[in-house]
Amino acid sequence: MPILPSNIINYMKIKVGVMNFLSKNKRIILLLLISLFYILFYFLVDFSTQSLVAHDEGLYARRARLIENSDNWFSLPFPSPHHKTLGSYWFIALAIRLFGNSELALRLPSIIASFFCLISSYLISLKITNKKSALISVFSLSSMPLWIQYSRYASPDILFVLCILLVILFFLKSLDSPQFYKQYFYILVSGFFISTSFFIRSYMAFVPLIGLSPFILYNLIKKNNIFKILFFTGIFIGSIPTLLNLYFSYQKFGIIGITVLFDFARKQALGDFGFNNLVLIPLNFLYLTFPIGILFLILFTFTKPKNNISYPLLIYYYPLISLVILLCMSTSYPHYFLFLLPSLSILFSVILSSNSSRFLISRISIKYLLLILITLISFVLLFFVINYKNFILEHSYGNTSLVYIVSSFLLISYLTSIRFIFDIRFFKFDLLNFFYNIVIPQYISLSLLFNFGILGNPNSNIKLFLRDELVSSIISSNTIYLFSVDSKIQTLLSYYLPSSQVVRNAEDLTKYKYLITSNISSFNTLKIKSLFKSIKKSDNQFLLVNISK
């Protein structure tokens, strides 16, 4: 029998060792691969297809750049008192300093924070329920349209949600940790993130914190004095950036530098209470959390959780109190509800993972309601794809094939999901597989549409206009003056053209060589119109040159 060379023997040993490792740990490896695949949809963003959304993204970007250029990040770099704490812009400013002025830098804080929100939400759900429910909560949260949108949005909203989740997570850790020194550390950190949330989102932090107060106070009262002292110490430590911000604001603007912060909060919270808040906001919420919001309502109506829920003040009362406060506010935008999405996903996971029927007709009612829902969505999707080809061509920005692939993928997922609620062969009623069959394709599809600029990219023409060879050669070496430009577009141009200046008086226009205007008809009524010639047009934006210069 021939003797094998030692290198072949070593290779065979390594091969056998690798195969044994893979066979023993195939479940863990599969989960890691799925997790990696899932995470990739967060970070594989084509930023060449992205543009800032007016009005908020442009404002956050411009203000963050002013802070990044300033010497003191605690002092307001604005010419007038500001209605927000500077924490709203800190992380965007830090990203600009590290990665430069780009959509990547502006949106990276939200992308990273959203990823950590999923981890925090999973850990919170794991402490309250079990692994099965925790996984459901993560898939639920990550598939919501509102969550996907703001996970790629240049704003402090997702960072604020992360702070609130960390308040909850570390407070829960302090309650069930066996070692005293760990309890004290966790409660200190929980308090720290309470005040940090105010620094990042100013008055909006009061809404979730009021909702959390019954849960926090109920558990805090039962603890010893050291525990309470450390909690409030954490709040004080976390409030230091806010106190410095307010101190420098007072130094620069006087007492109005402090009162403007709370005056803005009062105007947002108090005022006319309209019918829209009670009807349109809940409907919007269902639409922006689809399908979780609708599935939750169906299951909540016809089923009830089998298992007793730990921390009912956190699971039920916290979102309920917070929702009531939001509905009572005079001004309420969709992103105000972002911090409630993790709670909704956890509540939904509790009901979905273990439930029993409330009524005799519960099961058949759920079946046919889901069938009607899936049929309706499939019909709407098919109707849109067939009848709005020109609209798709215009708004797909060269990725038309991706729109059709995603639409087909979603349609197939909807149709195949029916078999899990009407399984005639095995007489199964599998809501869990129905859920995964809907939300995972939705997460993948919406992520792709956002990542390639088909969604969340309403001002792409502005960037194309500025990237035009002729326009870019002019703006790179000249100051551009903005006259009679739409306020939202003006905000974007002020960011994309940092050297640009706004002109209010038409008589001053003769002094300047290059001008951008959105209102060409109004401009043509001016006596000086003959001095200017149009170089480039994009939608309503006109780049004009002063031919007398």
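What you see is a predicted model, and the numbers here were worked out from it, not measured in a lab. The analysis underlying the following values was restricted to heavy atoms, covering all of them including side chains, and did not include hydrogens, waters or symmetry mates. Numbering of residues begins at 1 and proceeds along the displayed sequence.
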Sequence neighbours excluded - salt bridge (charged side-chain N to carboxylate O under 4.0 Å, His left out) pairs with any residue from residues 312-327 =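 Listed by first then second residue: nothing to list.
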Which pairs with one or both residues in residues 144-158 pass salt bridge (charged side-chain N to carboxylate O under 4.0 Å, His left out), sequence neighbours excluded?
->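 Found Asp157-Arg201.
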Ring pair (Phe, Tyr, Trp, His ring centres under 6.0 Å) between Phe337 and Phe285, worked out | CA-CA 8 Å; Phe337 294 84; Phe285 194 64; 5.5 Å; yes
For the pair [X] (side chain) and [Y] (backbone), establish whether a donor and an acceptor sit closer than 3.5 Å, ignoring hydrogens and angles.
| X | Y | result |
| --- | --- | --- |
| Ser407 | Val403 | yes |
| Ser349 | Ser133 | yes |
| Ser445 | Pro441 | yes |
| Asn245 | Phe199 | no |
| Ser195 | Phe192 | yes |
| Ser249 | Leu246 | no |
| Ser51 | Ser460 | yes |

Distance in Å, [X] [atom1] paired with [Y] [atom2], rounded so as to fall on 0.5 Å steps:
| X | Y | atom1 | atom2 | result |
| --- | --- | --- | --- | --- |
| Phe452 | Ser396 | CZ | OG | 13.0 Å |
| Asn451 | Ile148 | CG | CD1 | 9.5 Å |
| Ile67 | Asn69 | CD1 | CG | 10.5 Å |
| Asn130 | Ser125 | CG | OG | 7.5 Å |
| Leu230 | Ser190 | CG | OG | 12.0 Å |
| Ser155 | Tyr153 | OG | OH | 6.5 Å |

If we ignore angles and hydrogens, is there a donor and acceptor under 3.5 Å between the side chains of [X] and [Y]?
| X | Y | answer |
| --- | --- | --- |
| Lys252 | Tyr247 | no |
| Ser345 | Ser140 | no |
| Trp147 | Ser142 | no |
| Arg63 | Tyr89 | yes |
| Gln541 | Ser518 | yes |
| Ser114 | Ser151 | yes |

Taking all non-hydrogen atoms of both residues into account, name the closest pair between [X] and [Y] and its distance.
| X | Y | value |
| --- | --- | --- |
| Leu172 | Tyr311 | CD2-CE1, 3.6 Å |
| Gly58 | Leu492 | CA-CD2, 4.0 Å |
| Ile194 | Ile216 | CD1-CD1, 4.3 Å |
| Leu209 | Ser197 | CD1-OG, 4.2 Å |
| Leu118 | Val138 | O-CG2, 3.7 Å |
| Leu482 | Ser500 | CD1-OG, 4.0 Å |

Show which side-chain atoms of residues 231-241 pair as donor or acceptor with protein atoms under 3.5 Å away, not counting sequence neighbours.
residue: Thr233; atom: OG1; partner: Ile229; partner atom: O; Å: 2.6
residue: Ser239; atom: OG; partner: Ile235; partner atom: O; Å: 3.4
residue: Ser239; atom: OG; partner: Phe236; partner atom: O; Å: 2.6

Quick check on [X]: does its [atom1] atom have over 12 non-hydrogen neighbours (other residues, nucleotides or ligands) under 6.0 Å away?
| X | atom1 | result |
| --- | --- | --- |
| Phe185 | CZ | no |
| Lys228 | NZ | yes |
| Tyr218 | OH | no |

Aromatic plane relationship, Phe171 with Phe227 - under 30° parallel, 30 to 60° tilted, over 60° perpendicular = perpendicular
Flag the pair [X] / [Y] as yes when their ring centroid distance falls below 6.0 Å, and as no otherwise.
| X | Y | answer |
| --- | --- | --- |
| Phe139 | Phe435 | no |
| Phe206 | Phe198 | yes |
| Tyr287 | Phe290 | no |
| His83 | Phe262 | no |
| Tyr42 | Tyr38 | no |
| Tyr317 | Phe215 | no |

Only counting residues at least two apart or in another chain, list the ones meeting side chain to side chain donor-acceptor pair (under 3.5 Å) with Thr491.
-> His55
Counterpart residues, side-chain contact (heavy atoms from CB on, under 4.5 Å), relative to [X] (two or more places apart):
| X | value |
| --- | --- |
| Asn72 | Phe74, Ser75, Phe248 |
| Asp71 | none |
| Leu455 | Leu446, Leu449, Phe450 |

Tell me, please, which residues at least two apart from [X] pass salt bridge (charged side-chain N to carboxylate O under 4.0 Å, His left out).
| X | answer |
| --- | --- |
| Lys536 | Asp468 |
| Asp486 | none |
| Lys173 | none |
| Arg97 | Glu68 |

Which residues share a ring pair (Phe, Tyr, Trp, His ring centres under 6.0 Å) with Tyr122, sequence neighbours left out = none
Go through the steps to decide whether Tyr336 and Tyr333 satisfy the test ring pair (Phe, Tyr, Trp, His ring centres under 6.0 Å), and finish with yes or no.
-> CA-CA 6 Å; Tyr336 286 8; Tyr333 300 104; 5.5 Å; yes
Do the side chains of Phe43 and Ile112 get nearer than 4.5 Å, heavy atoms only?
-> yes
